[in-house]
Amino acid sequence: MEMEKGKVVVEKVRGKSTVIRSFSKYPLKFITPRKVGSSITDAVWIYSLTYGGGIVSGDSISVEFTIGDGCTAVLTTQSSTKVYKTLGSKCSEQVLEARIGSGALFVVIPDPVTCFSTARYSQKQVFRVVSDSSLVIVDWFTSGRHESGEKWDFELYRSSNCIFAEGNQPVFLDTVLLEQSSPVDIAERMHEYQVIAMVLIYGPKLKHVQDQVQENVKRLMSQQLQIPSTRLGCCAKTNSDNCLVRPAFIASCSAFGPKGMGVVVRVASTTTEAVYRFLHHQLAGMEPLLGVSPYS
């Protein structure tokens, strides 16, 4: 059966970006505070949360966002999205579809997804833009409750992000897939890294942020390569003197889309805190557009 979709519509009301429609289906709930940050900033913030603090086996969540011409909307969460264990082969899934109008900005900046032991989770996010739409996506996940021995212990994690321009032209297509059934288990492939993140920044309103992020990542990794890395693990089938040496935090940055209108940053880190700091620093240039610096 097709999932019943939640709907959020943002339009200009008396010159201000306003949520004019908000509907969600259990276990999802949306909260729209009257004021977040500076009152002179035209941005509406939408908080997404799940009843019971997480998603359980078999939950299916689907929601559509429409961001009207000239509007600015931010979708965030109040905490990490916890995905609990699977019953049988059932998979928890979330689908987000969004249309971003002319001159509009949509910012998706959640806390990370955390999959618990044996969980199966799949999410798909589809964004449809026009030539002067702007978009920010942060998509990230953690290894689970590694303090309790649940490091990369889930069965399946899949996350797809797609951006389409007018005429259904693909601008960005990306999927991350981790599955325990592969020859090498997830924990072995991830080594000591606990967090994987993707940051996507697209559109004319964000050119200054893109330029700054590209420069910051270039400088950060240049410095990283000059500093002796922390010894994190040893090579298999070699003696202990021939160990792998990996930095605790790595990032890469590349342009995409027509005329390089977008920038995508990929991050791997041994701690969640380091990624929070990175996101806060890299997206701080958006504060004038949003009224609050992301991840502050």
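Count residues from 1 along the sequence. None of these values were measured; they are calculated from a predicted model.
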Test log, rule side-chain contact (heavy atoms from CB on, under 4.5 Å), inputs Val19 and Phe30: CA-CA 11 Å; Val19 174; Phe30 294 119; over 6 Å; no

Cluster check Leu289, Val74: I/L/V/M/F/W/Y, side chain < 4.5 angstrom: yes

Close side-chain approach of Cys71 and Val44, heavy atoms under 4.5 Å: no

Within-4.5 Å side-chain heavy-atom neighbours: Thr41 and Val292: no

Heavy atoms of other groups near Lys85 NZ, more than 12 under 6.0 Å: no

Neighbour count >12 (heavy atoms, 6.0 Å) for atom CZ, Arg219: yes

Criterion side chain to side chain donor-acceptor pair (under 3.5 Å) on Ser143 and Gln194, from CA distance to verdict: CA-CA 5 Å; Ser143 64; Gln194 303 289 341; 2.4 Å; yes

Side chain to side chain donor-acceptor pair (under 3.5 Å) evaluation trace for Ser159 with Gln123: CA-CA 5 Å; Ser159 179; Gln123 71 173 17; 2.9 Å; yes

Gln94 and Tyr121, any side-chain heavy atoms less than 4.5 Å apart: yes

Between Asp42 and Ser17: side-chain donor-acceptor atoms closer than 3.5 Å: yes

Euclidean distance, Arg21 CZ relative to Glu11 CD, rounded to 0.5 Å: 12.0 Å

Heavy atoms of other groups near Lys16 NZ, more than 12 under 6.0 Å: yes

Leu290 side chain near Thr72 side chain, heavy-atom distance below 4.5 Å: yes

Hydrophobic cluster identity match, Phe127 and Val171, side-chain contacts under 4.5 Å: yes

Any side-chain heavy-atom pair of Arg128 and Asn168 under 4.5 Å: yes

Trp140 side chain reached by Thr272 side chain, heavy atoms, under 4.5 Å: yes

Lys151 and Glu192 ion-paired at < 4.0 Å: yes

Parallel, tilted or perpendicular: rings of Phe106 and Phe65 (30°, 60°): tilted

Mutual orientation of the aromatic rings belonging to Phe256 and Tyr202 [parallel < 30°, tilted 30-60°, perpendicular > 60°]: parallel

Contact check, side chains of Leu178 and Phe154, non-hydrogen atoms, under 4.5 Å: yes

